[in-house]
Engineer: 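Please see the structure below; I have some questions.
To find a chain, count down the sequence lines: A is the first, B the second, and so on, and within it residues start at 1.
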Amino acid sequence: MKSVKRIAKHPTISLLNSCTTLKEMKQIHAQLVVKGILNNPHFHGQFVATIALHNTTNLDYANKLLNHNNNPTLFTLNSMIRAYSKSSTPSKSFHFYANILHSNNNNLSPDNYTFTFLVRTCAQLQAHVTGLCVHGAVIKHGFELDPHVQTGLVFMYAELGCLSSCHNVFDGAVEPDLVTQTAMLNACAKCGDIDFARKMFDEMPERDHVTWNAMIAGYAQCGRSREALDVFHLMQMEGVKLNEVSMVLVLSACTHLQVLDHGRWVHAYVERYKVRMTVTLGTALVDMYAKCGNVDRAMQVFWGMKERNVYTWSSAIGGLAMNGFGEESLDLFNDMKREGVQPNGITFISVLKGCSVVGLVEEGRKHFDSMRNVYGIGPQLEHYGLMVDMYGRAGRLKEALNFINSMPMRPHVGAWSALLHACRMYKNKELGEIAQRKIVELEDKNDGAYVLLSNIYADYKNWESVSSLRQTMKAKGVKKLPGCSVIEVDGEVHEFIVGDKSHPRYDEIEMKLEEISKCLRLSGYVANTNPVLFDIEEEEKEDALSKHSEKVAIAFGLISLKGVVPIRVVMNLRICWDCHNVAKMISKIFNREIIVRDRNRFHHFKDGFVKNVQVLWLSFTFWYPPIRGEY
DNA sequence: GTAGGGTTAG
């Protein structure tokens with residue numbers, strides 16, 4: 001039997017893990033050369049592997065070192081394959097695989113490690129055919145029964161979306177170990193068969209913390225965040241070790257469910273039990289706070305982080321933008337560039353949103369152009385949609401249309417919807433009709449398109465068109481999604497669907513709504529009744545408007561939340577203009593902070609103004625929002 | 001000294 005010589009990592013090489021600059025790395029390199037340590041092929045391999053894996057920007061450096069070494073060991077080449085599989089240019093892994101196959105000097109041949117890493121490269125590249133070839137090579141070299149390689153293959157096929165191939169590999173495993181079983185569970189979850197993943201999970205005789213995390217991740221990634229939290233609670237009850245990955249996953253579920261209090265609990269747990277604060281965990285915290293409307297805390301966590309990557313910056317920039325802090329988000333983008341962090345396509349989504357919320361069209365355009373010109377990032381549909389939104393909000397409808405027409409790909413529903421929203425805002429019937437037609441062409445039953453165009457017609461009191469549009473909706477079976485708002489009071493979630501009077505305190509709510517109406521009128525408020533579709537009397541329209549679910553929820557908040565507690569409402573549609581104005585006025589008249597999270601973003605109201613408020617959540621109870629509606 | 005699970009948008 002071949003004996004494997006194991007040599008512990010050289011202490012000087014270990015120092016590489018804590019160095020942050022190229023200069024420090026070079027100093028260590030110099031020491032190793034002077035002491036002759038790198039003459040030992042094992043240490044040379046350790047050195048190359050360590051720098052290559054430490055930071056992907058070091059890959060060039062590692063490459064140069066290998067060019068001066070004619071006899072790299074299998075360990076070194078495997079490490080390069082591994083490092084490249086994680087880099088932005090995974091295909092370069094194959095260069096080192098070729099080195100192994102064609103090594104003339106030391107007769108190397110690929111081992112189980114080689115294939116474990118190489119299949120990850122295929123997964124990363126989404127290279128289907130190559131993946132199959134690598135699988136062939138695995139069989140050729142006799143590693144198809146190696147548990148690590150099998151795990152890698154299951155992972156690869158899952159990433160390629162071939163669940164049946166995952167099953168084939170998994171079924172070929174004689175006694176799949178815990179790691180392979182977890183990979184299979186993960187594959188099912190990723191390929192859309194989460195229920196089978198759960199079945200596997202329930203039937204597994206043994207589970208470790210990674211298995212638990214994979215199950216939580218499975219639920220979180222397919223949007224079943226409630227079940228993700230349920231599994232997390234079960235994990236806690238069974239006394240399984242919670243690590244930073246569990247925390248990231250549960251935070252992600254909290255973010256999707258908008259359960260700030262639970263998110264705060266996770267943060268407190270992390271601090272109390274000194275859970276390892278990784279960049280990913282910090283980012284998940286920033287994202288959770290920002291998306292739950294607590295921008296101050298998000299930024300506090302952000303600035304407290306020792307290290308931030310492109311995810312962290314993108315989360316913070318996007319978080320500021322979605323809370324209405326456009327200028328601040330753009331300042332942060334400048335800070336990011338100053339720190340030398342390369343933005344990616346997602347960063348630009350955040351940046352463009354920031355420009356959009358404050359109407360900085362020219363600046364937005366500049367950033368949009370810089371994507372390709374400066375950073376070499378090809379704008380995607382979302383970026384185009386945001387540009388249309390930006391032109392549209394600024395009232396530059398013609399430019400918005402021109403922009404859509406100049407798109408290099410087929411404009412999507414998002415782009416036309418942005419235009420239609422703008423047409424509604426600026427009462428442009430002609431363009432609105434074009435946009436609506438395009439949306440319906442792409443999505444037959446897009447209720448929003450009908451409702452918005454109806455609203456435009458209603459603005460012109462063109463009831464005939466409103467009625468004909470409503471008939472078309474009926475004939476095509478297009479249903480308007482009813483407005484639905486939720487509010488938490490004393491740990492209980494109250495849901496209000498428009499037109500539904502079943503709430504036990506509805507009489508009190510109605511009285512409060514009347515009181516609000518009176519107060520508003522005394523303050524000079526005139527209802528903007530245009531969003532009401534129907535051809536009914538003004539007075540009735542005003543009544544219909546005052547029963548919008550968000551207003552009902554705010555009224556309920558006023559009667560049930562005592563003291564200085566802000567009123568937090570989460571709703572499934574975009575807040576209407578009238579509700580927006582009313583919320584602003586209520587915040588002044590009733591001296592109450594109101595935060596509404598609509599489908600698009602957060603709206604903060606305080607002292608009769610929008611945004612730039614101190615956000616303060618005082619509720620500590622934990623709740624799950626209801627299932628109905630979309631949040 | 002090499003092998004599983006995690007974060008940003010839509």
Engineer: Using a heavy-atom cut-off of 4.0 Å across all strands, would you classify A/H209 as base, sugar-phosphate, or nothing?
Structural biologist: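 Contact class for A/H209: base.
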
Engineer: With no hydrogens and no angle check, do the side chains of A/T283 and A/S315 hold a donor and an acceptor under 3.5 Å apart?
Structural biologist: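 Their side chains do not contain a donor-acceptor pair, so the 3.5 Å distance test is not met.
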
Engineer: What integer distance in Å separates A/I194:CD1 from B/dG5:P?
Structural biologist: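 It is 15 Å, rounded to the nearest whole Å.
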
Engineer: Looking only at side-chain atoms of A/I346, point me to the closest of B/dT8, B/dG5, B/dG6.
Structural biologist: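 Selected nucleotide (nearest to the side chain): B/dT8.
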
Engineer: May I ask whether A/Y311 stacks on the base of B/dT7, given the cut-offs of 5.5 Å between ring centres and 30° between planes?
Structural biologist: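 Taking the rule of under 5.5 Å and under 30°, the ring of A/Y311 does stack on B/dT7.
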
Engineer: Rounded to whole angstrom units, what separation is found between the CG atom of A/L352 and the P atom of B/dG10?
Structural biologist: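 After rounding, the gap between these two atoms is 11 Å.
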
Engineer: A/L320 has an atom CG; how far is it from atom C1' of B/dT8, in whole Å?
Structural biologist: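 Result: 14 Å.
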
Engineer: Below 3.5 Å, does any donor atom in the side chain of A/D208 face an acceptor in the base of B/dG4, or the other way round?
Structural biologist: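 Looking at the base of B/dG4, it does pair with a donor or acceptor on the side chain of A/D208 (distance under 3.5 Å).
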
Engineer: Between B/dT2 atom C1' and A/H54 atom NE2, what is the distance in whole Å?
Structural biologist: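 Distance, rounded to whole Å: 17 Å.
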
Engineer: Does a nitrogen or oxygen in the side chain of A/R82 sit under 4.0 Å from OP1 or OP2 of B/dA3?
Structural biologist: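 A/R82 to B/dA3 OP1/OP2: side-chain N or O found under 4.0 Å.
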
Engineer: Between B/dA3 atom P and A/I81 atom CD1, what is the distance in whole Å?
Structural biologist: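 From A/I81 CD1 to B/dA3 P: 14 Å.
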
Engineer: Once you measure the plane-to-plane angle for A/F201 and A/W212, does it fall in the parallel (<30°), tilted (30-60°) or perpendicular (>60°) bin?
Structural biologist: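 Plane angle over 60°, so perpendicular.
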
Engineer: Do A/F368 and A/Y384 have ring centroids that are under 6.0 Å from one another?
Structural biologist: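 Under 6.0 Å, so yes.
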
Engineer: Give a yes/no on whether any side-chain N or O of A/K353 is located under 4.0 angstrom from OP1 or OP2 of B/dG10.
Structural biologist: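 Affirmative; the distance criterion is met.
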
Engineer: Contact class for A/T278 (heavy atom, under 4.0 Å): base, sugar-phosphate, or nothing?
Structural biologist: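 Base, at least one base heavy atom under 4.0 Å.
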
Engineer: Is the A/F333-A/W313 ring centre distance short of 6.0 angstrom?
Structural biologist: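 Between A/F333 and A/W313, the centre distance exceeds or equals 6.0 Å.
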
Engineer: Between B/dG4, B/dA3, B/dG6, which one does the side chain of A/R120 approach most closely?
Structural biologist: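 Given the options B/dG4, B/dA3, B/dG6, the side chain of A/R120 is closest to B/dG4.
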
Engineer: Judged by atom type as modelled, is there a donor-acceptor pair below 3.5 Å linking the side chain of A/N323 to the main-chain atoms of A/A290?
Structural biologist: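 Side chain of A/N323 to backbone of A/A290: a pair is present.
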
Engineer: Side chain of A/T182, base of B/dG4: donor and acceptor closer than 3.5 Å?
Structural biologist: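 Side chain to base: pair found, below 3.5 Å.
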
